[in-house]
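Just the heavy atoms: all of them, side chains too, but no hydrogens, waters or symmetry mates, feed the values below. Protein chains get the first letters and strands the later ones, always in sequence-line order, with residue 1 at the start of each. Just so you know, these numbers come straight off a predicted model, no measurement behind them.
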Amino acid sequence: MPELPEVEVVRAGLAAHVTGRTVSTVEVRHPRAIRRHIAGERDFAGRLAGRVLAAARRRGKYLWLELDGCAPAEAVLSHLGMSGQLRIQPPDAPDESHLRVRLRFADAASELRFVDQRTFGGLSVEDLVPVDGALLPRPVAHIARDPLDPLFDVEAVVTAMRVRRTGLKRALLDQTLVSGIGNIYADEALWRARLHWARPTAELRRSQARAVLTAAAEVMAEALAAGGTSFDALYVNINGRSGYFDRSLAVYGRDGLPCPRCGAAVRRDSFTNRSSYTCPRCQPRPRRPHP
DNA sequence: GTTCGCACCTGAGCGC
DNA sequence: TGCGCTCAGGTGCGAA
């Protein structure tokens, strides 16, 4: 699944290969892919045609391409959801089976395709609004900075986290508190910090909260460094298979396998209709877990 | 105001 | 072979 490192790889690819290019036409192949663009398909296509893609930006798992020469400032916003890909393809390349949106460019050198099997992701054109010194698409205004953001304030997040009355993993997945962390990196960060996912945030020491946030930054930076090598000129990569399995995951998806640190069998728990993986020895369950 | 649970969605894997 | 069920999980929204 695309999490922060994968989205950053895509952003860098788009910055290199589509910025400065003029959109000629837009083809929406599946309406659900632009469901967040309330005005509909024709408006979506009309607002992009003839526009220059000026810059590729990201916050957390949201990605957007700023549009040149408009007031108020606008951008085409993308979230990859669970299975989304943004691909740069030659115009004569066969359509992918889950191709949802196609952007053609005036130079006709290549086209940008939004491919999404499960259609949890999508595109929309949004106004940019000033938030905390940054210019963000309106639906992203509530998203916190991510641990790789140079302006990420770890001490402020530690304070905010300890005010919450919830479990630690739930807090890590709350994009309004800290963005970019999904189920995989949450489990990996918790393992590195030796903390159980059910620890009540209100009972964490500052050093523990700081440790798990630092671990999240480390594991995502390592994944980004690894993922950055799979990019080439014709493929803006969110390739779940190659990017995903190349990572060195300590616990995620390793139910029953030995913990790389102590050798105890990794355990899978149910967590809000999904899974959490922990080492029962390195990450002991708290005496009073958050329910 | 804060926290939680569920729907959304498709394909792989599995048991029968 | 085919059917039905479970699982995967980020986000937004309504309920508590």
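Contacts of A:F271 with the nucleic acid, taken as non-hydrogen atoms under 4.0 Å apart, are absent. Nucleic acid contact for A:R35: none, since no nucleic acid atom lies under 4.0 Å from a heavy atom of the residue.
Between the P atom of C:dG10 and the CG atom of A:D187 lies a distance of 10 Å, rounded to the nearest Å. One interatomic measurement links the two molecules: CD1 of A:I181 to C1' of C:dT11, which rounds to 16 Å at whole-angstrom precision. Atom CG of A:D174 is separated from atom C1' of C:dG10 by 12 Å (rounded to the nearest Å). When rounded to the nearest whole Å, the span between CZ of A:R32 and C1' of C:dT11 equals 10 Å. As rounded to whole Å, 13 Å separates atom C1' of B:dC8 from atom CZ of A:R100. The CZ atom of A:F120 sits 12 Å away from the C1' atom of C:dG12 (whole-angstrom rounding). Regarding A:R36, its CZ atom lies at a distance of 14 Å from the P atom of B:dC8, rounded to whole Å. Going from atom CG of A:L63 over to atom P of C:dG10 covers 17 Å, rounded to whole Å.
A:R145 has no carboxylate O lying under 4.0 Å from a charged side-chain N of A:D153, or vice versa, which leaves the two without a salt bridge.
Between A:Y185 and C:dG10 there is no side-chain N or O to OP1 or OP2 distance below 4.0 Å. Look at A:N273 and you won't find any side-chain N or O under 4.0 angstrom from OP1 or OP2 of B:dG5. A sub-4.0 Å separation between OP1 or OP2 of C:dT11 and a side-chain N or O of A:H142 is absent. Between A:R268 and C:dA8 there is a side-chain N or O to OP1 or OP2 distance below 4.0 Å. Listed pair A:S83 / B:dT10 fails the phosphate criterion, with no side-chain N or O lying under 4.0 Å from OP1 or OP2. Regarding contacts with the backbone of B:dT10, every side-chain N or O of A:H98 stays at 4.0 angstrom or more from both OP1 and OP2. In this structure, A:R118 does not reach the B:dG11 phosphate: none of its side-chain N or O atoms is under 4.0 Å from OP1 or OP2.
Looking at the side chain of A:T272, the nearest of the listed nucleotides C:dG10, B:dG5, B:dC9 is B:dG5. Of the candidates C:dT11, C:dC7, B:dC9, C:dT11 carries the atom nearest the A:Q175 side chain, counting heavy atoms from C-beta on. Out of B:dC6, B:dG11, B:dC4, the shortest distance to the side chain of A:R170 is found at B:dC4. Listed nucleotides: B:dC6, C:dA8, B:dC4. Nearest to the side chain of A:Y277: C:dA8.
The NE2 atom of A:H30 lies 11.0 Å from the CG atom of A:L99; values are rounded to the nearest 0.5 Å. With rounding to the nearest 0.5 angstrom, the CZ atom of A:R58 is 12.5 Å from the CG atom of A:L14.
Looking at every heavy atom in both residues, A:S275 comes nearest to A:N183 through O-ND2, 3.0 Å. Among all heavy-atom pairs drawn from A:R47 and A:R51, the shortest one is O-NH1, 3.0 Å.
The shortest distance between side-chain heavy atoms of A:E3 and A:M220 does not fall below 4.5 Å. Looking at A:H196 and A:L168, their side chains never come closer than 4.5 Å, going by heavy atoms from C-beta outward.
Only A:R164, A:R165, A:T166, listed by number, bring a heavy atom of residues 160-168 of chain A to less than 4.0 angstrom from any atom of DNA chain B.
When each of A:V76, A:L128, A:L123 is tested with A:W64 by the rule side-chain contact (heavy atoms from CB on, under 4.5 Å), just one qualifies, namely A:L128.
Base pairing analysis places C:dT1 opposite nothing; no Watson-Crick or G-U wobble pair with both distances below 3.5 Å involves it.
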